[in-house]
Amino acid sequence: METMAHLGVGIGWRPEIADAVERLPGLDWVEVVAENICPGHLPASLLRLRERGVRVVPHGVSLGLGGAERPDAQKLAALGERAVALGAPLVTEHIAFVRTASPALEAGHLLPVQRTRDALDVLCENVRIAQDALPVPLALENIAALISWPGEELTEARFLTELVERTGVRLLIDVANLHTNRVNRGEDPFAVLDAIPLEALAYVHVAGGVERGGVWHDTHAHPVPAVVLDILAELRKRVEPAGVLLERDDDFPAEAELAGELAAIRGVTGPAGLSPTRPSPSPGLRPEGTPTRGSAPDPAPRTPAGPEGEEPAGPDQRARTGVGLEQGALLSALVAGTPVPEGFDRQRVRVQARALAAKRAGVVAKLAPELPGILGGEDPYREAFLAYARNRPMTAGYRRDALDFAEHLLIQDLPADPAARHRLTTWWRDRVGARPPRRIVRWARSLVGRAA
């Protein structure tokens, strides 16, 4: 496996803290959410950072490589374009599913993949497809989860290890997610660190969260707790990561607090800083200097091979279908109010469903900040949106969700205040280029709803 490019200590770049990030002392690199930038119109702040020699790594959130469907070619191309535009040494994504095809639903969030052989087969083939399409190496992040799948066949560590052995993909280890899974799923983070191939480590994420009612929420909106830094220290005893990155996505603190958190991370990683050195590769991983296929390491065999001399077989359609049905049933319960599938902790599924709806409300408010104002403030907006989201799953992204929410209100002759309703009508029409739903449309839709 090729030596990982040295990164150092960095922070997640977000528009809300762009100026502060540029002023942070000793900043080595930043990570940017890939879907939030346009290759031809990079933010001026990122361009200035690059001119100073600060590396920028795109971090994708929408591929859904753990889903039952093969990766979307356009999404892969878009991620690759961002890597090229930023001159990035690698791109990163998540071991998660984010949507289902049947039913067609969007989670708007990273959801855990089943730790089963079928799900691993599907994930490995999807990773191979992504590696072939991307111009730079790919690293995948372990995610935080509120819920566990029933009937899992592999531990987290075994799942990650086999993923690396079968694809050669690098790992992005989020130590905050290891803590989250310790609280929510009873998993020992140190046992995970002991068992996974740390020679495949690309870099490390560190973030804050909060515990409510015995559930840890990975918010990225709170200070990094000592328990997360303890896991980082344990990882540092085992390996010298090429990079460590602080994530903060909301409720941004003062610049001095961000600098203090980065200083705490440097204190844990040691005065000598971060080095790209690695332990010796384990069996199945590409040795240094071996030519790459599509800039990604060649994988070891990933599924039972076919006849001698033939390429190993990928997952059959039966596996994809089974994984898709299971994921569809769970996602439908989370976002569409259908019954919770057998074997799941129903209380945890309800907690996750509420969290997804709250996240939807927050993201829509950021994308369409006029809506809370039209509806009389944050509280009335949130109440109306959560009522809408209860039985209206997102199917086409957050921007479409904002328009659907507005249309939902207008169909019901809401808001009650005529002036506010007029403002909402104007807002909706300006964005869709059409007239708002008329009473005859509302009447027809109500008949369809009754027939259903």
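- Residues S148 and D345 have side chains not in contact (no heavy-atom distance under 4.5 Å, counting atoms from C-beta outward).
- Heavy-atom minimum distance, V61 versus E93: N-OE2, 3.1 Å.
- Between the CZ atom in R48 and the CG atom in D19 there is a gap of 7.0 Å [rounded to 0.5 Å].
- With hydrogens and angles disregarded, a donor-acceptor distance shorter than 3.5 Å links the side chain of N126 to the backbone of G67.
- A salt bridge is absent between K75 and E35: the closest approach of a Lys/Arg side-chain nitrogen to an acidic carboxylate oxygen does not fall below 4.0 angstrom.
- A side-chain donor-acceptor contact under 3.5 Å links N177 to the backbone of N142.
- Using a 4.5 Å heavy-atom cutoff, the side chains of V21 and S45 are not in contact.
- Of the charged side-chain nitrogens involved, none lies within less than 4.0 Å of a carboxylate oxygen, so that R14 and E16 do not count as a salt-bridged pair.
- Taking the six-membered ring where tryptophan is involved, the planes of W149 and F97 are tilted, since the angle between them lies from 30° to 60°.
- For the pair K366 and D250, the minimum side-chain heavy-atom distance is below 4.5 Å.
- For the atom pair T338 OG1 and L330 CG, the distance stands at 9.0 Å (nearest 0.5 Å).
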**OP:** Decide side chain to side chain contact (heavy atoms under 4.5 Å, CB included) for L111 and Q352; before the verdict, give the C-alpha distance in whole Å, the side-chain angles of both, and the deciding distance to 0.1 Å.
**Re:** CA-CA 10 Å; L111 295 176; Q352 180 73 85; 4.3 Å; yes

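- Taking 4.5 Å as the limit, some side-chain heavy atom of V364 sits within range of a side-chain heavy atom of Y381.
- Shortest non-hydrogen contact noted between G64 and V98 is CA-CG2, 3.8 Å.
- Not a single donor-acceptor pair under 3.5 Å links the side chain of D174 to the backbone N or O of I143.
- For R182 (side chain) and F190 (main-chain N/O), no donor-acceptor pair under 3.5 Å exists by modelled atom type.
- Expressed to the nearest 0.5 Å, how far CG of L24 lies from CG of L262 amounts to 6.0 Å.
- Without hydrogens or angle criteria, R348 side chain to N184 main chain gives a donor-acceptor distance under 3.5 Å.
- A distance of 14.0 Å separates NE2 of H220 from CG of D251, quoted to the nearest 0.5 Å.
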**OP:** Please step through side chain to side chain contact (heavy atoms under 4.5 Å, CB included) for the pair V56 and W13, ending with a clear verdict.
**Re:** CA-CA 9 Å; V56 182; W13 184 92; over 6 Å; no

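- The residues K237 and E234 are annotated as salt-bridged, a charged nitrogen and a carboxylate oxygen being separated by less than 4.0 angstrom.
- For R320 and Q317, the side-chain atoms include no donor-acceptor pair closer than 3.5 Å.
- D28 contributes a side-chain N or O that, together with a main-chain N or O of V9, makes up a donor-acceptor pair within less than 3.5 Å.
- Look at R166 and D121 and you find a salt bridge, because one of the NZ, NE, NH1 or NH2 atoms lies within 4.0 Å of a carboxylate O, short of that distance.
- Rounded to the nearest 0.5 angstrom, R50 CZ and R55 CZ are separated by 10.5 Å.
- Checked by atom type and distance alone, the side chain of R248 pairs as donor or acceptor with a backbone atom of A221 at under 3.5 Å.
- Contact between M394 and G108 at its shortest, heavy atoms only, is CE-CA, 3.6 Å.
- Within the 3.5 Å criterion, the main-chain N or O of V127 finds no donor-acceptor partner in the side chain of T167.
- No more than 12 heavy atoms of other residues, nucleotides or ligands sit less than 6.0 Å from atom CZ of R390.
- Scanning both residues, A361 and R382, for their nearest heavy atoms gives CB-NH1, 3.9 Å.
- Residues forming a side chain to side chain contact (heavy atoms under 4.5 Å, CB included) with P341 (at least two apart in sequence, or on another chain): A329, A333, F344.
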Original post:
Is there a side chain to side chain contact (heavy atoms under 4.5 Å, CB included) between F385 and D401 once you walk through the steps?
Top reply: CA-CA 10 Å; F385 188 91; D401 206 21; 3.6 Å; yes

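- The main-chain N or O of A195 is found under 3.5 Å from a side-chain atom of T161 such that the two form a donor-acceptor pair.
- Counting only heavy atoms from C-beta outward, the side chains of H179 and V183 approach each other to under 4.5 Å.
- Screening E153, E152, Q327 for a side chain to side chain donor-acceptor pair (under 3.5 Å) involving Q114 leaves a single residue, Q327.
- When all heavy atoms of L90 and A202 are compared, the pair lying nearest together is CD1-CB, 3.8 Å.
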Subject >> Check against side chain to side chain contact (heavy atoms under 4.5 Å, CB included), H59 and L172 >> reply: CA-CA 10 Å; H59 185 53; L172 192 181; 3.8 Å; yes

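- Using a 30° and 60° split on the angle between ring planes, F405 and Y388 fall in the tilted class, from 30° to 60°.
- Under the 4.5 Å side-chain criterion, counting only non-hydrogen atoms from C-beta, V239 is not in contact with L193.
- When all heavy atoms are compared, the tightest approach of L76 to L134 is O-CD2, 3.7 Å.
- At least one side-chain heavy atom of K359 sits under 4.5 Å from a side-chain heavy atom of Y398.
- Note that OG1 of T180 and CG of L146 are 8.5 Å apart. Values are rounded to the nearest 0.5 Å.
- Of the possible donor and acceptor atoms, none in the side chain of E211 sits under 3.5 Å from a partner among the backbone N and O of H217.
- Between L65 and L138 there is a side-chain heavy-atom pair separated by less than 4.5 Å.
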